[in-house]
**Student:** 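I have a structure I would like to understand better, so I am pasting it below and will then ask my questions one at a time.
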Protein chains: 2
Amino acid sequence: MENLQIQITISPELYIKNPESTELGRKIISTSIEMIDELGFESFTFRKLGVKIGSNESSVYRYFESKHALLVYLISWYWSWIEYKLVFTNSNISSPLVKLSNAIQILTEEITQDNAFSFVNEELLNRIIIAESSKAYHTKDIDAENEKGYYKTYKRVVKRISDVVLEVNPKFEFPHMLVSTVIEGAHHQRYFSKHLPSLTDVEKGKNNIVRFYTSLVSKTIK
Amino acid sequence: MENLQIQITISPELYIKNPESTELGRKIISTSIEMIDELGFESFTFRKLGVKIGSNESSVYRYFESKHALLVYLISWYWSWIEYKLVFTNSNISSPLVKLSNAIQILTEEITQDNAFSFVNEELLNRIIIAESSKAYHTKDIDAENEKGYYKTYKRVVKRISDVVLEVNPKFEFPHMLVSTVIEGAHHQRYFSKHLPSLTDVEKGKNNIVRFYTSLVSKTIK
DNA sequence: TTTTATTAATAGTATTACTATCATATATTT
DNA sequence: AAATATATGATAGTAATACTATTAATAAAA
C-alpha cells in the first residue's frame with residue numbers, strides 16, 4: 001500500500017469548506033492532528049493552532065464550525081481509511097474465515113506510519129481515535145448529529161464486518177455487538193496498556209491484544 | 001438488599017472535605033448526579049449546582065477541588081457500590097462458574113433504582129458512568145492521577161472478577177482484558193442502543209446485552 | 001460567652017469558544 | 001488592464017467557564 005496515492009472522500013456535512021481543497025486546509029488537518037495528540041483535545045484550541053501554522057483563528061473557523069466538528073471530521077477520516085484498508089485487503093479473498101481474521105487484525109493491530117496519505121499521520125491519528133473519539137459521541141447532541149450523518153462511516157465499517165461475521169455463521173445473533181465490542185475494546189486495551197496496565201494482560205512483543213480479540217471472536221461466533 | 005443501610009467509604013484523596021459528613025455535602029452529591037445526568041458533564045457547572053441547592057459555588061469548591069475531581073469521586077463511589085454488590089451476591093457461593101455468572105450479570109445488567117443508599121440515585125449514577133466516565137480517564141493527567149489512587153476502586157473490581165475467571169480456568173491467558181472488555185463493552189452497548197442502535201443488536205425485552213456478554217465470556221475462557 | 005468552623009456573598013482573573021468587521025492579497029473573469 | 005470575486009489575515013469583542021481570594025454572617029463547640 002506504501003506508494004499508492006488514494007483519495008479519501010469526506011462528506012460535505014462534516015466541514016464548512018473542504019480542508020483537502022487548499023494548502024491551508026491541509027495544514028489545518030495535519031497540524032491539528034499533531035497538536036491534539038500532544039496537548040489532548042481539551043487543551044487544543046483554534047487559537048493555538050492558528051499561531052502554530054502562521055494563520056489565524058478566524059481562518060480556521062472558515063473550515064470547521066467548531067473544535068468538536070473538527071474532531072468528528074478526523075474520526076470520519078480515520079474510519080474511511082480503515083474501510084479502505086478492509087476493502088483492499090479482502091478484495092481477492094473468498095474464504096469468510098480469512099476475511100474475518102484479516103478484519104480483526106486491521107481493527108486491533110497497532111498502527112504505524114504509512115505514507116499513502118500525504119497530509120495525515122495515521123499513527124498519531126490512531127492515538128487520537130483511541131484517546132479522544134469517545135468524547136465526540138458522548139455528547140448531549142449525539143442524536144441530532146447522528147441524524148445529520150456525522151457517524152455514518154463508523155457505522156458502515158461495523159456493518160461491513162458484521163456481514164462477514166454472518167458469512168461465517170449466519171445464525172449468530174449478535175454480530176454488531178461483537179464487532180463494536182472488539183473495536184472499542186481494542187482501543188481501550190491500547191490505552192489501558194499505557195496508562196492503567198493492571199486492566200490488561202499486555203506483554204511486550206507478544207501482540208496480546210490482537211491474539212485476545214482474534215480468539216475471542218472465533219470462539220464467540222461458534 | 002432493599003432496606004440495608006450500607007456504608008460506602010471513599011478514600012480521602014478523592015475529596016477536600018468528605019461530602020458524606022454534612023448535609024450540604026450530601027446535597028452536592030445527590031444534586032450533581034441529577035444535574036450531570038440531565039445536562040451532560042460539559043454543561044454542568046458548580047455555579048449552576050450552587051443555584052439549584054441554594055448554596056454557593058465557593059462552598060462546593062470546599063468539598064471538591066474541581067469539576068473533574070467530583071466526577072472521579074462519583075466514579076469511585078459507583079465502583080465501590082458494584083464491589084459491594086459483588087461481594088454480597090457471591091458471599092455464600094462456592095461454585096466458580098456461578099460466581100462468574102453472577103458477576104457478569106451485575107456488570108452488564110440494566111440498573112434500576114435501589115434505595116439502600118439514601119443520597120445517591122444509582123440509576124442516574126449508572127447513566128453517568130455510561131455516558132461520562134471515559135472523560136475522567138481520557139485526560140493528559142491520567143498517569144499522575146492514577147498514582148494518587150484515583151482509579152483504584154475500578155482496578156480492584158477488575159482484579160476481583162479476573163480472579164474468579166482464573167478459578168474457572170487457571171490457564172486462561174487474558175483475564176483482565178476479558179473483564180475490562182466486558183465492563184466497557186456493556187456500557188458502550190447500553191449507550192449505543194439508545195443513540196447509535198445500528199452498532200448493537202438490542203431488542204426490547206430480550207436482555208441481549210447480558211445474554212451476549214454471558215455467552216461471550218463462557219465461550220472465550222474455554 | 002468566646003472561640004472556632006462552616007457557609008454565603010461578592011468580586012475578580014485568565015482563558016475559552018466563538019462572532020463580527022474590515023483590510024489586504026491573490027485569483028479569475030471580462 | 002481593469003473590474004470583480006474569493007480567500008485570508010488582523011483586530012476586537014462577547015458571554016461563559018473554571019476557578020481564586022476575600023470578607024461577612026452564622027452556627028456549633030469549648
**Student:** Grab the CD-P distance between A:E57 and D:dA12 for me, whole Å please.
**Tutor:** 14 Å
**Student:** Just how far, in rounded Å, is P of D:dA18 from NZ of B:K135?
**Tutor:** 12 Å
**Student:** Apply side chain to side chain contact (heavy atoms under 4.5 Å, CB included) to B:V164 and B:V179, showing your working.
**Tutor:** CA-CA 10 Å; B:V164 179; B:V179 173; over 6 Å; no
**Student:** Looking for any heavy atom pair under 4.0 Å, which part of the strands does B:E65 touch: base, sugar-phosphate only, or nothing?
**Tutor:** sugar-phosphate
**Student:** Between C1' on C:dA14 and CZ on A:R47, what's the gap in Å once rounded to a whole number?
**Tutor:** 12 Å
**Student:** To the nearest angstrom, how far is B:R26 atom CZ from C:dT7 atom P?
**Tutor:** 11 Å
**Student:** Could you check whether B:Y61 gets within reach of a base, just the sugar-phosphate, or nothing at all, counting any heavy atom under 4.0 Å?
**Tutor:** base
**Student:** Using the six-membered ring wherever Trp is involved, compare the ring planes of A:Y137 and A:Y151 and label them parallel, tilted or perpendicular (cut-offs 30° and 60°).
**Tutor:** perpendicular
**Student:** Can you check the B:L49 CG to D:dC19 C1' distance for me, whole Å?
**Tutor:** 15 Å
**Student:** So which one's nearest nucleotide on DNA chain D is more toward 5', A:N56 or B:K48?
**Tutor:** A:N56
**Student:** Give one of base, sugar-phosphate or nothing for A:S59, where a contact means two heavy atoms less than 4.0 Å apart.
**Tutor:** base
**Student:** Looking only at side-chain N and O atoms, does B:Y63 come under 4.0 Å of OP1 or OP2 in C:dT6?
**Tutor:** no
**Student:** Give me the one residue out of B:N90, B:I111, B:L107, B:N102 that meets side chain to side chain contact (heavy atoms under 4.5 Å, CB included) with B:K85.
**Tutor:** B:I111
**Student:** Does A:S55 place a side-chain N or O at less than 4.0 Å from the phosphate oxygens OP1/OP2 of D:dT8?
**Tutor:** no
**Student:** Whole-Å distance between D:dA27 P and B:E23 CD?
**Tutor:** 15 Å
**Student:** So, OP1 or OP2 of D:dA7: does either fall under 4.0 Å of a side-chain N or O from A:K17?
**Tutor:** yes
**Student:** Taking for each residue the nucleotide of DNA chain C with the nearest heavy atom, is it A:S58 or A:E42 whose nucleotide lies nearer the 5' end?
**Tutor:** A:E42
**Student:** Write down the distance between CZ (A:F46) and C1' (D:dT8), rounded to a whole number of angstrom.
**Tutor:** 16 Å
**Student:** Give the ring-plane orientation class for A:F212 versus B:F174, where under 30° counts as parallel, over 60° as perpendicular and anything between as tilted.
**Tutor:** perpendicular
**Student:** Can you say whether the rings of B:F44 and B:F46 are parallel (under 30°), tilted (30 to 60°) or perpendicular (over 60°)?
**Tutor:** perpendicular
**Student:** Take the protein atom CZ of A:R62 and the nucleotide atom C1' of C:dA25, then report the distance between them rounded to whole Å.
**Tutor:** 13 Å
